[in-house]
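Protein chains get the first letters and strands the later ones, always in sequence-line order, with residue 1 at the start of each.
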Amino acid sequence: MILDGKCPTGPIQESWDKHRFELKLVNPANKRKFKILVVGTGLAGGAAAATLGELGYNVEAFCYQDSARRAHSIAAQGGINAAKNYPNDGDSIFRLFYDTMKGGDFRAREADVWRLAQVSNNIIDQCVAQGVPFARDYAGYLDNRSFGGAQVSRTFYARGQTGQQLLLGAYQALSRQVKAGTVKIFARREMLDLVVVDGVAKGITCRNLVTGEIESYWGDAVVLATGGYVNVFYLSTNAMGCSVTATWKAAKKGAFFANPCYTQIHPTCIPQSGDHQSKLTLMSESLRNDGRCWVPKKKEDCGKAPGEIPDEDRDYYLERKYPSFGNLAPRDIASRAAKEQCDDGRGIGPGGRGVYLDFADAIKRFGKDVIAARYGNLFQMYEKITDEDAYQVPMRIYPAPHYAMGGLWVDYNLMSNIPGLFVLGEANFSVHGANRLGASALMQGLADGYFVIPYTIAGYLATVTPGTVKTDAPEFRESAEQVKAQIDKLLSIKGKKTVAELHRELGRVMWEDVGMARSKESLEHALKRIPEIRNEFWENVNVTGTNEEINQQLENAGRLADFLEFAELLAKDALHREESCGGHFRVEHQTEDGEAKRDDENFAYVAAWEFKGTDKEPELHKEPLKFENVKLAVRSYK
Amino acid sequence: MNLTLHVWRQKNASDPGRLEQYQAKNISPDSSFLEMLDQVNEELIKEGKEPIVFDHDCREGICGMCSQVINGIPHGPEKEATVCQLHMRRFKDGDAIFIEPWRSRAFPVMKDLIVDRSALDRIIQAYGYTSAHTGGVPDGNAIPVSKTYADAAMDAAACIGCGACVAACPNASAMLFTAAKVSHLALLPQGKVEATRRVKAMVAQHDEEGFGNCTNHYECEAACPKGISVNFIARMNREYLKALPKAD
C-alpha cells in the first residue's frame with residue numbers, strides 16, 4: 001500500500017497556516033462533550049493534556065509513574081532549539097528547517113519539519129510565560145548556545161536542566177487544569193491495550209499498578225505520547241520504565257510502525273563500568289561546545305594517565321575529520337567516529353571502550369568559574385558516577401542508545417492509520433528522519449503537545465458524535481480478558497530465569513548485531529536469536545508474586561514480552577533498508593572513507609510495517625518522501 | 001564487597017511492617033545503591049523469595065522517584081545526591097546498612113519502600129503555576145528578567161519533588177518543597193498578579209495535607225539532593241505575610 005501523509009500542498013512557508021485555517025473547529029460549547037484519553041505525561045503528553053483541557057475538552061491523562069512530573073522528558077539536559085535569531089547570527093525558520101532535514105539525512109517529511117521549525121518560536125514564548133527560568137544575560141534577555149549539528153546559536157537552556165524545567169512548566173499547566181476540573185490524572189497506570197471499535201480507536205485497557213485491577217477507559221480519541229523504545233537495547237540512557245508497550249500494543253491492533261530501525265546512539269555518555277550496570281548516563285551534548293574529543297595517537301599510550309600524553313601524541317579525531325563542525329558534529333557522526341577509534345584499539349578506560357572529552361583548553365581560556373557556570377551540574381554528576389574530577393582529568397565518554405526516531409506512523413495531523421488514534425512526540429516517527437539533532441526532541445514534544453494536536457484533533461472530533469461508545473461495548477471486555485490472560489500466563493510460567501537476565505540477553509544481541517553498525521550477517525544472526533530468546537522467555541521466565549499487588553517483576557515482564565516481539569521488527573526493518581542513513585549504518589553501504597552512503601533512488605521512503613502475527617511476516621507499506629524545498633545532498637560536515 | 005542489609009518490608013498500608021535481614025554479596029564498589037538492590041533482588045528471586053519493592057525510574061538523579069532512608073538519612077550519606085546517584089564506594093566491606101521508606105503521615109507506605117507522595121502534587125495543583133494560556137503570550141524577550149533573579153529562580157526551580165525534605169524533618173514539614181515553588185514563581189515577573197492568591201492557596205493545601213510546620217531544624221536543606229536552600233522558606237514566609245492582609 002502506498003501511504004498518504006496528507007501533507008498540505010503549495011508553498012511550504014504557508015503550509016501550516018493554510019492547513020490550520022482549513023481544519024474544522026469544534027464549537028466551544030460542544031468541547032466539553034468530548035472525552036480525550038492522553039497516555040503519557042511527558043513534554044508531548046503533558047503539554048497536550050494541559051492544552052486540550054484548557055480548550056474545554058474532558059481529558060483523562062495516564063502515566064505509569066507516581067506523578068506526571070516524573071516522565072523521562074525530565075532528564076533531558078541540554079536545551080531546546082528555536083529559530084528566534086536573537087543572537088543575530090543568521091538563523092531563520094528556513095535554516096532550522098533545513099538543518100533538521102539535513103540532520104535527519106533526508107528521511108523526514110518536509111511539511112512536518114517545516115511546521116516544527118515554525119512553531120519553535122511560539123514554544124519559547126509559551127515557556128517563558130509559564131515561568132521557565134531560562135538562562136538570561138545581564139540585560140535580562142534570553143541567552144543562547146550552540147549545539148551539535150548547527151552552526152548558529154539557537155539553543156535555549158535552563159542550566160543543565162532544560163528538560164526538567166520545560167516538563168515542570170507543562171506539569172504546572174496540567175496541574176492548573178486538574179484544579180479547574182478539566183483534566184483527571186490517573187497515575188501508576190500502565191496502558192496494556194488499545195481498544196478499537198469498528199476500526200476506530202475508542203479507548204484503552206490499563207493495569208492499575210497498585211491494585212492489579214484491569215481497568216477500561218473510553219474516549220472519543222486516544223492520544224499516545226509514550227516516548228521511545230531504545231530500552232530494547234537493555235542498557236540505554238532511558239529511564240527504567242520506558243518501554244515500547246503502548247505503541248506496540250497499538251501496532252498489534254493495526255497501527256503501522258514506521259522506521260523502527262532508526263535509533264540514535266548518543267555520543268556523550270558515561271562508559272559502562274561493569275556487568276552490574278542497569279543503565280547508562282548521558283552527559284549533555286552541550287559539553288561538546290567547550291570539550292574537545294581525543295584519543296591517544298599511539299595504542300601503547302592508552303593505559304597512560306591523560307596528562308602524561310603530550311598534545312602532539314593526541315588525536316583530536318573530530319576536529320581532524322570534520323574541520324568545519326569539529327567537536328559539534330551531529331550525533332551519529334560523532335558516535336561512529338568514537339567507535340572507530342575504539343575499534344582501532346585506541347580507546348581509553350575499562351575495556352578500551354571510551355574516548356576523552358577534555359576541558360583543559362576551555363578552562364585555560366575562560367577560567368574554571370565560567371566552565372562551572374555552564375556545566376557545573378554535569379561535572380558534579382560525572383564525579384558522582386565515576387569518582388573522577390573532570391576539572392582535573394578529562395571526562396571519559398562512549399556512545400549509548402538514547403532516542404528512537406522511529407515510531408507509530410502518523411499523517412500530517414498526527415493521526416495514525418487507525419482513525420481516532422493520535423501519536424505525539426518520540427512515540428511517532430514524524431520529524432527526525434534517520435537521525436535527531438541536539439535540542440530537537442524537546443522542541444518536537446512541546447510542538448506536538450502545545451501547538452499541533454489542539455488544532456488537528458479538532459479536525460477529527462468535528463466529524464464524530466461524542467460519547468457513542470462507552471466501556472460497556474464488547475470490545476472493552478474482550479480487551480480486558482486478553483490483558484488478564486497474558487498476566488495469568490506470565491505468572492504461571494515459574495521458570496528459572498529472571499526478567500532482567502533475559503532482558504540482558506536480548507540487549508546483548510541488539511547492541512552487537514543491531515547497534516551502531518549493522519550488516520546482513522549480523523542482522524540475520526539477530527533474527528535467529530531474538531525468537532529463541534522470546535521462546536525461552538515464554539517457557540522459562542520466573543515472575544514472582546501475584547497480580548493483585550504492586551508487582552514490579554510483573555510490570556517488567558510485560559514490557560520485555562513486547563520488546564521481544566518488537567526487536568524482531570526493528571531488525572527486519574534494518575535488514576530491508578539496504579542503505580546507510582543517519583543512525584542506521586549498514587556496513588555494506590559506506591563510502592571509501594567510511595561515511596554513510598544513502599540510496600535516494602530506492603529508499604527515499606518511510607517504511608511503515610503492518611503487524612500480521614508474532615510468527616508471521618509483517619507487511620511493508622511505503623510512503624514516498626518528496627523533496628521540493630531542500631536539495632537532496634550528500635550529508636557532509638567536513 | 002559483602003554487606004548485611006536490614007530492609008523495611010511491608011506488604012501494604014495496613015500491614016505493620018518489619019525490618020528483615022539480607023546479605024548482599026560480591027557487590028562492585030562502582031555500582032549504584034539501586035544496582036546493589038537489583039543484585040540482591042535477583043538472588044532473592046532465585047531463592048524463591050519476594051524481591052524488595054522500591055520506587056525508581058530515571059536513575060540519573062533527576063526524576064525524583066527514588067526514595068529510601070539509608071542509615072537514617074533520606075537518600076543516604078552522599079551530599080546532594082539521590083539514592084540512584086549513591087555509589088557503593090561510599091560504604092565499607094562488611095557494613096550493616098538499614099534501608100527504610102520515607103516516614104511521614106502525609107506519605108502512607110504502599111509497599112516495602114514505596115510511599116504515596118500525591119500530597120505534593122496536590123500542593124502544586126492548589127496554585128503552583130502561572131495562569132498562562134497556551135498561545136497568545138508575548139515574545140520571550142518582551143519580559144526581561146535580571147540574570148540575578150533568573151538564576152535565583154532556577155536555584156529554587158531545581159526541586160525534583162522527591163520528598164526527602166519531608167522525610168528528614170522532625171515535623172514532617174513539606175515547607176522546603178512548597179517554598180521552592182513559591183519562590184521560583186515569586187522571583188519572576190510572570191504570574192506576579194496572582195502571587196497573593198498563589199502563596200495563600202499553596203500554604204493552605206500544605207497544611208491540609210497533614211504536613212507539619214517549619215521550626216528551623218534545617219534538616220531539609222541537609223537532606224535535599226538538589227541543595228535547595230532554607231532561605232526559600234524565609235522568602236515564602238515573607239510572601240505569605242505580605243499576602244495575609246490583602247483581599248486578593
Side-chain angles (χ1 to χ4, degrees), chain A residues 50-51 54 65-67 69-70 72 74-75 86 122 124-126 128-131 133-142 158-159 161 164-165 168 172-173 175-176 178-179 187 210 239-241 273-274 276-279 281 381 384-385 387 450-451 454 498 500 542 544-545 549-550 552-553, chain B residues 12 28 30-31 34-35 38-39 42 45-46 50-51 53 55-65 78 81 85 87 89 110-111 114 116-118 120-121 124-126 128-135 137-141 143-147 150 153-154 157-158 161 184-185 188 190-191:
Chain A
T51 306
E54 185 185 295
Q65 300 91 340
D66 70 329
S67 164
R69 67 178 291 148
R70 307 207 200 281
H72 192 54
I74 200 138
Y86 285 155
N122 303 61
I124 302 303
D125 301 338
Q126 182 64 30
V128 167
Q130 286 171 347
F134 282 121
R136 301 270 175 168
D137 61 21
Y138 279 101
Y141 296 117
L142 290 156
R159 248 171 242 168
Q161 296 155 40
Q164 178 199 24
Q165 292 310 316
L168 292 181
Q172 285 165 209
S175 299
R176 174 170 167 245
V178 172
K179 176 81 173 297
V210 180
M240 303 300 282
S273 70
H276 57 266
Q277 197 108 18
S278 61
K279 73 157 301 167
T281 301
M381 187 171 90
K384 270 186 191 133
I385 293 171
D387 209 20
Y450 284 134
F451 296 111
T498 63
N542 182 10
T544 52
E549 60 181 334
I550 295 178
Q552 295 174 325
Q553 296 300 316
Chain B
N12 50 48
S28 158
D30 286 329
S31 70
L34 299 186
E35 285 164 349
D38 288 343
Q39 217 172 310
E42 293 279 290
I45 295 168
K46 300 256 168 189
E50 280 278 302
V53 169
D55 258 336
H56 66 100
D57 203 21
C58 79
R59 297 202 175 187
E60 290 181 26
I62 191 84
C63 76
M65 190 96 169
E78 182 90 39
Q85 292 299 298
H87 286 77
R89 65 178 81 93
M110 299 171 84
K111 187 177 177 182
I114 295 185
D116 178 357
R117 283 171 289 194
S118 52
L120 299 183
D121 284 322
I124 300 296
Q125 285 155 13
Y129 45 79
T130 71
S131 302
H133 294 289
T134 304
V137 295
D139 182 271
N141 264 351
I143 316 169
V145 183
S146 98
K147 180 164 166 51
M154 182 61 223
H184 159 212
L185 297 173
L188 297 170
Q190 295 91 323

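Proximity to chain B (any heavy atom under 4.5 Å) is shown, for His276(A), by both the backbone and the side chain. Contacts between Gln65(A) and chain B at a heavy-atom distance below 4.5 Å involve backbone atoms as well as side-chain atoms. Heavy-atom distances place both the backbone and the side chain of Ile550(A) under 4.5 Å from chain B. Proximity to chain B (any heavy atom under 4.5 Å) is shown, for Gln277(A), by both the backbone and the side chain. Looking at Asn141(B), the atoms closer than 4.5 Å to chain A (heavy atoms on both sides) sit in the backbone and in the side chain alike. Both the backbone and the side chain of Gln126(A) come within contact range of chain B, with heavy atoms under 4.5 Å apart. With a threshold of 4.5 angstrom between heavy atoms, Glu50(B) approaches chain A through side-chain atoms but not through N, CA, C or O. Residue contact with chain B, scored on non-hydrogen atoms closer than 4.5 Å, involves the backbone of Phe134(A) exclusively. Contact of Ala158(B) with chain A is made through backbone and side chain together, with heavy-atom distances under 4.5 Å. Contacts of Ala139(A) with chain B are made by backbone atoms alone, with heavy-atom separations under 4.5 Å and no side-chain atom involved. With a 4.5 Å cut-off on non-hydrogen atoms, Asp137(A) touches chain B through its backbone but not through its side chain.
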>> side-chain contact (heavy atoms from CB on, under 4.5 Å), that's the test. Do Met240(A) and Met65(B) meet it? Break it down for me.
In response: CA-CA 11 Å; Met240(A) 303 300 282; Met65(B) 190 96 169; over 6 Å; no

> Do Gln161(A) and Met154(B) pass the side-chain contact (heavy atoms from CB on, under 4.5 Å) test, and can you show the C-alpha distance, the side-chain angles, and the key distance before you say yes or no?
Replying inline: CA-CA 9 Å; Gln161(A) 296 155 40; Met154(B) 182 61 223; 3.2 Å; yes

> Does the pair Asp57(B) and Arg70(A) meet the rule for a side-chain contact (heavy atoms from CB on, under 4.5 Å), with working shown?
Replying inline: CA-CA 8 Å; Asp57(B) 203 21; Arg70(A) 307 207 200 281; 5.6 Å; no

>> Evaluate Thr281(A) against Glu60(B) for side chain to side chain donor-acceptor pair (under 3.5 Å), listing each step before the verdict.
In response: CA-CA 7 Å; Thr281(A) 301; Glu60(B) 290 181 26; 5.2 Å; no

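Of the listed residues (Glu78(B), His184(B), His56(B), Gln39(B)), the greatest number of heavy-atom pairs within a distance under 4.5 Å of chain A belongs to His184(B). With chain B as the partner, the residue from Arg159(A), Arg176(A), Gln165(A), Gln552(A) showing the most heavy-atom pairs under 4.5 Å is Arg176(A). No other option in Gly161(B), Gly61(B), Ser118(B), Gly191(B) has as many heavy-atom pairs under 4.5 Å with chain A as Gly161(B). Taking Leu120(B), Asp55(B), Leu34(B), Leu185(B) one by one and counting their heavy-atom pairs under 4.5 Å with chain A, the maximum is reached by Asp55(B). Between chain B and the residues Arg69(A), Glu549(A), Gln130(A), the most heavy-atom pairs under 4.5 angstrom are made by Arg69(A). Among Gly64(B), Ala150(B), Ser28(B), the residue making the largest number of heavy-atom pairs under 4.5 Å with chain A is Gly64(B). In terms of non-hydrogen atom pairs under 4.5 Å with chain B, the most contact-rich of Phe451(A), Tyr138(A), Tyr450(A) is Tyr138(A). Counting heavy-atom pairs closer than 4.5 Å to chain A, the top-ranked of the candidates Val137(B), Leu188(B), Thr130(B), Val145(B) is Val145(B). When each of Asn12(B), Asp30(B), Asp116(B), Asp121(B) is checked for heavy-atom pairs under 4.5 Å with chain A, Asp121(B) comes out on top.
A donor-acceptor pair is defined here as one N or O able to donate and one able to accept, closer than 3.5 Å; such a pair exists between the side chain of Glu54(A) and the backbone of Thr134(B).
A pairwise comparison of heavy atoms in Gln172(A) and Tyr129(B) identifies O-CB, 3.6 Å as the closest pair. Minimum heavy-atom separation, Asp125(A) to Gly140(B): OD1-N, 2.7 Å. Taking every heavy atom of both residues into account, Ile385(A) and Arg89(B) meet most closely at O-NH2, 2.9 Å. The heavy-atom pair separating Ala157(B) from Leu168(A) by the smallest distance is O-CD1, 3.9 Å.
Residues Cys58(B) and His72(A) have side chains in contact (heavy-atom distance under 4.5 Å, counting atoms from C-beta outward). Within the 4.5 Å cutoff, side-chain heavy atoms of Pro51(B) are placed close to those of Gln553(A). When side chains are defined from C-beta on, Asp387(A) does not count as touching His87(B), because their heavy atoms never get closer than 4.5 Å. At a threshold of 4.5 Å between non-hydrogen side-chain atoms, the residues Asp139(B) and Tyr86(A) count as touching.
Here Ile45(B) contributes atom CD1 and Thr544(A) contributes atom OG1; the two are 5.0 Å apart, rounded to the nearest 0.5 Å. Considering CD of Gln85(B) and NZ of Lys384(A), their distance stands at 7.0 Å, rounded to 0.5 Å.
Checked by atom type, the side-chain pair Ser278(A)/Glu35(B) shows a donor-acceptor distance below 3.5 Å.
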